[in-house]
K.L.:
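First the structure, which I've put down as structure tokens, then a few questions once you've had a look.
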Amino acid sequence: MTGREALPHYVESTRLQHFVNYEVVGKSALRVQRWRDQWKLATRRPRPDSPLSPPLRCVAYMKEIMSRHYLEGRYAAGVRKVAWVTSGAPTEPLQALGYFLVYPENHAALCGVRRKAQSIAEEAEHAGWSRDICSYARTDIGSMLSGKTPAGRLPRPDVLVCCTNICQTVLHWYRVLADYFGCPLVLIDTPFLFHEAHEHEVAYVKRQIEDMICVAEEIAGKSLHEKRFQDVMANARRGAELWLEILNRSQHRPAPMTAFDGFIHMGPIVDMRGEAVVVAYYERMLAELDERIDRGIGAIKNERYRVLWDNLPIWFKIGDLSKWLAERGVNVVASTYTYAWGELAPMIDPDHPLDSMARVYLHPILNRSTGHKLESMKRMVDEFELDGVILHSDRSCKPYSLGQIDQRDRLVKKLGVPALLLEADHNDPRDYAEEQGSNRLEAFVETMEARA
Amino acid sequence: MSHVAAIGIDAGSTTCKLVAVDRDGAIIAWLLEPTEPRVEIQVRRMLDALRAEIRIETAVPAIATGYGRKLIKQATRNLTEITCHARGVFRDLGRAGTLIDIGGQDSKVIQIGEDGRPVDFMMNDKCAAGTGRFLEYTAARLGVPIEALGKRALSVSSEEPISSTCTVFAESEIISLIARGAEPDAILRGLHRSLVGRVVSMARSVGIVPPVMLSGGVARNEAVRTMIAEATGEDVIVPRQPQLMGAYGAALLGSAA
């Protein structure tokens with residue numbers, strides 16, 4: 001089926017609508033909202049009964065940036081060229097060509113955090129999509145079919161860019177999108193890395209990125225400006241470097257932020273990588289974390305145990321889990337997931353944009369061996385001085401969950417670190433058993449207590 | 001009579017247990033009843049019954065464990081079954097090793113270290129496969145009382161393989177087997193084998209450090225004990241009162257004995 005008529009909720013805006021609703025009214029309203037949030041954060045009385053320290057002040061800016069991005073999305077179709085991209089897609093040339101980018105995975109996570117994912121995913125299930133498909137895919141397909149979204153409205157894509165460096169589901173998912181939207185699909189195939197990338201693999205990915213640029217230029221009706229491209233690459237590198245520095249600040253005791261904060265604050269590096277606003281935001285965030293470190297303020301008030309989180313978050317549970325763990329003195333100070341958007345920063349070279357992009361997009365943690373992930377986790381246990389590891393066995397994300405039983409086993413036996421396999425799903429609450437989940441978490445905390 | 005140092009309350013999904021220990025960690029009194037829907041009311045009544053039997057001072061610590069532990073208002077603290085079973089069994093048997101606790105609602109494999117503390121654990125996944133409920137539910141289909149399950153399963157040498165570990169699907173398999181005229185005891189034997197296969201594979205994923213110890217209500221089932229020994233190739237040791245180990249461990253943790 002292809003059919004614009006079948007998806008009536010995807011409407012185009014005029015330049016006037018974009019200008020008035022987004023540029024003038026929307027941006028101003030969001031600025032006022034940010035001032036209100038800042039005022040609330042500054043004047044809110046500390047809650048002595050909360051196990052968590054007050055939220056970071058910069059969260060008001062993050063809310064503004066992300067809301068602005070989604071608000072523009074409502075009016076982008078018909079005004080800017082729109083690309084829907086996977087989270088590991090090489091987006092920098094698209095940024096430089098002026099595309100508005102939609103990350104369906106991030107949109108699905110937004111639905112998860114707002115606890116709307118299940119009802120939206122059910123729209124896809126009612127249309128025949130299997131419950132065994134990734135809950136991100138079901139959420140986005142459900143949203144596409146029904147128009148339901150907490151973001152108000154998403155813009156129809158002019159092009160789809162799918163990179164297989166995170167999973168193979170995206171390949172089939174984006175083919176479905178292409179079929180429904182009737183727009184070109186650019187596929188970037190990244191060979192799985194058992195060790196380091198071979199030169200022919202880098203060349204193979206580079207050529208596909210070049211092909212993607214040709215398609216994107218044709219759709220945009222303009223050529224990629226080299227200087228602009230290098231600027232975007234420089235912003236991408238600086239943003240990723242800052243993000244990595246932010247995450248590494250949690251090596252301090254007490255850690256100034258939790259991984260749950262990281263899951264929320266990663267929005268800009270995922271959605272707007274390459275934009276100057278991301279660099280400015282993370283500079284602000286880093287300064288606030290340094291201020292916390294100087295004043296000895298931890299993200300949780302009584303940090304007794306420091307823990308690593310492996311895999312995607314359980315989006316619909318992050319608030320509850322964060323509080324539940326903090327009440328028991330557990331701070332999840334690091335996560336392999338948030339790290340994925342920072343650890344490749346040194347590879348980004350604005351002077352050799354295409355070569356370095358090919359390398360970067362070959363090396364995400366999910367495109368590398370399970371042994372590589374184990375080594376990363378071991379290193380994090382050491383560098384962050386961790387007392388335990390929670391491995392979220394994510395029903396939806398098979399590539400991330402593959403190998404976790406062995407990884408858990410090695411962490412326990414080789415490093416002597418308690419490690420818990422927690423079965424859940426990143427977006428579907430039907431795949432999380434509350435009672436059994438909290439029972440396992442409690443037993444895990446008791447195991448750390450017994451060792452202390 | 002010895003002085004009560006602490007009380008352990010194990011509000012499990014199938015049975016509710018109370019154990020009182022003295023300063024030396026010896027069991028002074030215990031109670032065991034099938035779990036009622038309102039476990040908090042049941043525990044209050046059982047505590048009264050225990051008080052009628054022995055003298056308990058009001059300041060005596062009470063530690064609750066089991067699925068209903070958070071409902072027990074009389075408890076001074078609550079702990080998971082992992083910590084409590086490990087402590088109870090270590091005290092009773094005095095051995096480090098691999099403890100398999102098969103309860104009504106879940107099963108767990110706990111590696112007990114030399115100092116009696118849990119080093120590592122693994123629990124069954126979210127379904128009832130590998131739990132006491134699997135046997136209870138499927139045996140009901142054959143009309144066999146729980147106490148007779150193990151004996152009946154060991155009474156025959158033939159075995160009907162049950163391929164499904166899912167409780168609901170296993171029941172469908174039983175219906176088909178009965179319809180084909182299969183021997184009920186051979187079906188029972190197959191059911192035990194299926195449960196044991198599931199539990200032992202979980203134990204292997206944690207790593208089996210001998211001896212293998214069993215606790216929980218299902219440890220009283222001789223077929224489960226025999227088959228676990230066969231599957232692991234290790235001796236299986238069972239405490240005298242395997243069902244009480246959670247409550248006993250809780251009481252020990254309360255008395256710090």
K.L.:
Got a second to check how far B:R45's CZ is from B:E33's CD, nearest 0.5 Å?
P.N.:
4.5 Å
K.L.:
Under a 3.5 Å threshold, yes or no: a donor from one side chain and an acceptor from the other, between A:D310 and A:Q404?
P.N.:
yes
K.L.:
How are the rings of A:F263 and A:W315 set to each other: parallel, tilted or perpendicular (split at 30° and 60°)?
P.N.:
perpendicular
K.L.:
Of the backbone (N, CA, C, O) and the side chain (C-beta and beyond), which part of A:N439 lies under 4.5 Å from a heavy atom of chain B, both, or neither?
P.N.:
both
K.L.:
Parallel, tilted or perpendicular for A:Y339 and A:F384, by the 30°/60° rule?
P.N.:
perpendicular
K.L.:
B:R77 and A:E449: salt bridge (Lys or Arg N to Asp or Glu O under 4.0 Å), yes or no, with the steps?
P.N.:
CA-CA 15 Å; B:R77 195 181 170 198; A:E449 265 170 16; 3.6 Å; yes
K.L.:
For chain A, find which of B:T83, B:T80, B:V119 contributes the most heavy-atom pairs closer than 4.5 angstrom.
P.N.:
B:T80
K.L.:
Against chain B, label A:R451 side chain, backbone, both or neither, depending on which of its atoms sit under 4.5 Å from a heavy atom there.
P.N.:
neither
K.L.:
Among A:D409, A:I405, A:V412, which has the most heavy-atom pairs under 4.5 Å with chain B?
P.N.:
A:V412
K.L.:
Heavy-atom pairs under 4.5 Å with chain A are the metric here; pick the option from B:K108, B:Q111, B:K70 that has the most.
P.N.:
B:K70
